[in-house]
Amino acid sequence: MKFFVDTADIAEITDLAETGLLDGVTTNPSLIAKSGRPFREVLADICAAVDGPVSAEVAATEFEAMMAEAKVLSAIADNIVIKVPLTWDGLKACRAITGGGGKVNVTLCFSANQALLAAKAGATFISPFIGRLDDIGADGIDLIAEIRAIYDNYDALKTEVLAASIRTPVSVKQVALAGADVATIPPGVLKALVKHPLTDIGLERFLADWKATGQTIV
Ligand code: G3P
């Protein structure tokens with residue numbers, strides 16, 4: 001499973017990119033707003049910091065305006081992926097952009113039928129929001145499993161399942177078990193994946209025992 005980081009914070013992105021474990025970045029209008037920076041500048045910086053795909057979302061809701069915004073966003077860098085909402089206009093834009101050789105992330109997916117439509121529209125990624133489903137008492141992980149099963153039924157559907165709206169390390173494990181191709185994860189949750197108290201205790205003991213030998217390796 002690929003790891004994308006869900007943020008527009010360039011310091012966090014650079015920090016995570018240095019681990020060599022970061023496969024891409026997703027942003028949305030809320031995250032760009034949170035960065036407090038002009039969108040062109042922050043997206044250009046992110047694209048320079050990572051080799052992988054960087055999702056940049058349109059703010060328009062109608063097809064023609066989405067296409068005009070997609071053109072501006074695509075010109076920022078080669079690794080920009082255009083993010084469109086899961087509406088008829090968004091799907092139409094998805095078909096037009098991918099038909100022209102571009103990459104599209106269809107976002108705000110909350111049902112398996114929506115994911116089926118996005119795949120038929122040629123989406124590169126579909127973004128089911130698991131946390132927001134959990135928020136209303138539905139089951140986000142079930143949705144990932146359903147989409148995985150549907151896509152696996154048809155060789156023609158090449159869309160990657162990008163699990164989004166992840167808030168906990170447990171959700172990362174669950175979406176991996178359910179067969180997501182990608183998880184987009186907030187920086188804090190991504191960093192928390194390495195943590196286990198028994199790792200810390202074990203390391204402390206090994207270091208104490210090693211120190212007692214008086215030896216050095218180099
Ligand atoms: O990037 C979209 C998604 O990951 C948002 O997550 O926590 O605002 O539901 P959240």
Side-chain angles (χ1 to χ4, degrees), residues 1-59 73-74 76-86 102-110 118 123-135 140-141 143-144 147-148 159-196 199:
M1 186 171 73
K2 286 178 258 189
F3 280 175
F4 289 0
V5 65
D6 196 27
T7 185
D9 183 326
I10 192 68
E12 294 278 24
I13 292 166
T14 306
D15 193 31
L16 288 161
E18 280 169 5
T19 66
L21 300 177
L22 190 61
D23 301 298
V25 177
T26 51
T27 68
N28 60 40
S30 306
L31 293 170
I32 297 286
K34 194 174 163 194
S35 78
R37 300 177 61 199
F39 75 92
R40 276 193 191 80
E41 195 181 295
V42 69
L43 287 168
D45 284 354
I46 295 170
C47 288
V50 291
D51 287 333
V54 175
S55 291
E57 189 162 343
V58 297
L73 294 171
S74 298
I76 293 172
D78 289 343
N79 49 340
I80 286 279
V81 171
I82 302 299
K83 210 172 177 188
V84 298
L86 217 157
K103 292 186 174 171
V104 175
N105 177 356
V106 179
T107 190
L108 291 167
C109 171
F110 295 95
T124 315
F125 301 105
I126 181 68
S127 289
F129 276 30
I130 66 161
R132 292 191 194 184
L133 279 169
D134 294 348
D135 287 345
I141 303 300
L143 176 59
I144 300 291
I147 298 171
R148 176 78 281 145
T159 303
E160 291 189 52
V161 180
L162 194 171
S165 185
I166 287 176
R167 284 90 175 261
T168 64
V170 170
S171 296
V172 177
K173 175 183 77 174
Q174 289 173 325
V175 300
L177 285 168
D181 298 292
V182 190
T184 190
I185 311 169
V189 177
L190 194 40
K191 287 177 180 171
L193 296 182
V194 78
K195 282 289 180 194
H196 197 289
T199 303

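This structure is a prediction, so every number in the text was calculated from the model and none was measured. Heads up: numbering here begins at 1 and tracks the sequence.
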**Asked** For Asp6, what residues pass the side-chain hydrogen bond (donor to acceptor under 3.5 Å, both in side chains) criterion, not counting sequence neighbours?
**Response** Thr26

**Request:** Please round to the nearest 0.5 Å and tell me the distance separating atom CG of Asp78 and atom NZ of Lys103.
**Result:** 10.5 Å

**Item:** Spacing of CG belonging to Leu177 relative to CE belonging to Met1, to within rounding of 0.5 Å
**Value:** 9.0 Å

**Point-to-point distance, once rounded to the nearest 0.5 Å, from OG1 of Thr184 to NZ of Lys2** = 12.5 Å

**Request:** Determine the minimum heavy-atom distance between Pro169 and Val189, stating which atoms define it.
**Result:** N-CG1, 3.7 Å

**Request:** Identify whether the distance between the nearest side-chain nitrogen and carboxylate oxygen of Arg37 and Asp45 falls below 4.0 Å.
**Result:** yes

**Request:** Write down the atom of Ser165, the atom of Ile130, and the distance for their closest heavy-atom approach.
**Result:** O-CG1, 3.5 Å

**Message:** Quick one, Leu108 with Arg132, criterion side chain to side chain contact (heavy atoms under 4.5 Å, CB included). Give me CA distance, side-chain angles, the key distance, then yes/no.
**Reply:** CA-CA 10 Å; Leu108 291 167; Arg132 292 191 194 184; 4.3 Å; yes

**Request:** Measure from the side-chain N and O atoms of Asp23 to the backbone N and O of Phe4, and report whether any donor-acceptor pair falls under 3.5 Å.
**Result:** no

**Complete:** Closest non-hydrogen atoms of Ala56 and Thr27, given as atom of the first, atom of the second and distance, are CA-OG1, 3.8 Å

**Request:** Check whether any side-chain heavy atom of Leu22 lies under 4.5 Å from a side-chain heavy atom of Leu190, and answer yes or no.
**Result:** yes

**Asked** Distance-only, no hydrogens or angles: does the Thr107 side chain make a donor-acceptor pair with backbone N or O of Val84 under 3.5 Å?
**Response** no

**Prompt:** By ring-ring contact (aromatic ring centres under 6.0 Å, His included), which residues pair with Phe129, not counting sequence neighbours?
**Reply:** Phe110

**Inter-residue atom distance Leu193.CG - Leu21.CG, 0.5 Å rounding** = 10.0 Å

**Prompt:** Does Thr159 reach the main-chain N or O of Ala123 with its side chain, forming a donor-acceptor pair under 3.5 Å?
**Reply:** yes

**Message:** Counting C-beta onward and ignoring hydrogens, is there a side-chain heavy-atom pair between Ile185 and Ser171 closer than 4.5 Å?
**Reply:** no

**Prompt:** Can you check whether Pro186's main-chain N or O pairs, donor with acceptor, with Thr7's side chain at less than 3.5 Å?
**Reply:** no

**Request:** With the side chain counted from C-beta on, respond yes when Ile10 and Val42 share a heavy-atom pair under 4.5 Å apart, and no when they do not.
**Result:** no

**Request:** State which residues pass side-chain contact (heavy atoms from CB on, under 4.5 Å) with Lys191; sequence neighbours excluded, sorted by chain then number.
**Result:** Glu12, Asp15, Leu16

**side chain to side chain contact (heavy atoms under 4.5 Å, CB included), paired with Ser127, selected from Asn28, Leu86, Asn105** = Asn105

**Prompt:** Would you say the side-chain atoms of Asp134 pair up with the backbone N or O of Gly140, donor to acceptor, closer than 3.5 Å?
**Reply:** yes

**Message:** Counting neighbours of CG on Asp51 that are heavy atoms of other residues, nucleotides or ligands and sit closer than 6.0 Å, is the number greater than 12?
**Reply:** no

**Asked** To the nearest 0.5 Å, how far apart are CD1 in Ile13 and CD1 in Ile46?
**Response** 4.0 Å

**Asked** How many angstroms lie between CG in Asp181 and CG in Leu162, if you round to the nearest 0.5 Å?
**Response** 8.5 Å

**Item:** Donor-acceptor pair, side chain of Lys34 and main chain of Ala8, under 3.5 angstrom
**Value:** no

**Item:** Residue pair Val175 / Ala183: nearest heavy atoms and the distance that separates them
**Value:** CG2-CB, 4.0 Å

**Asked** Looking at side-chain heavy atoms only, is the closest gap between Ile147 and Pro128 below 4.5 Å?
**Response** yes

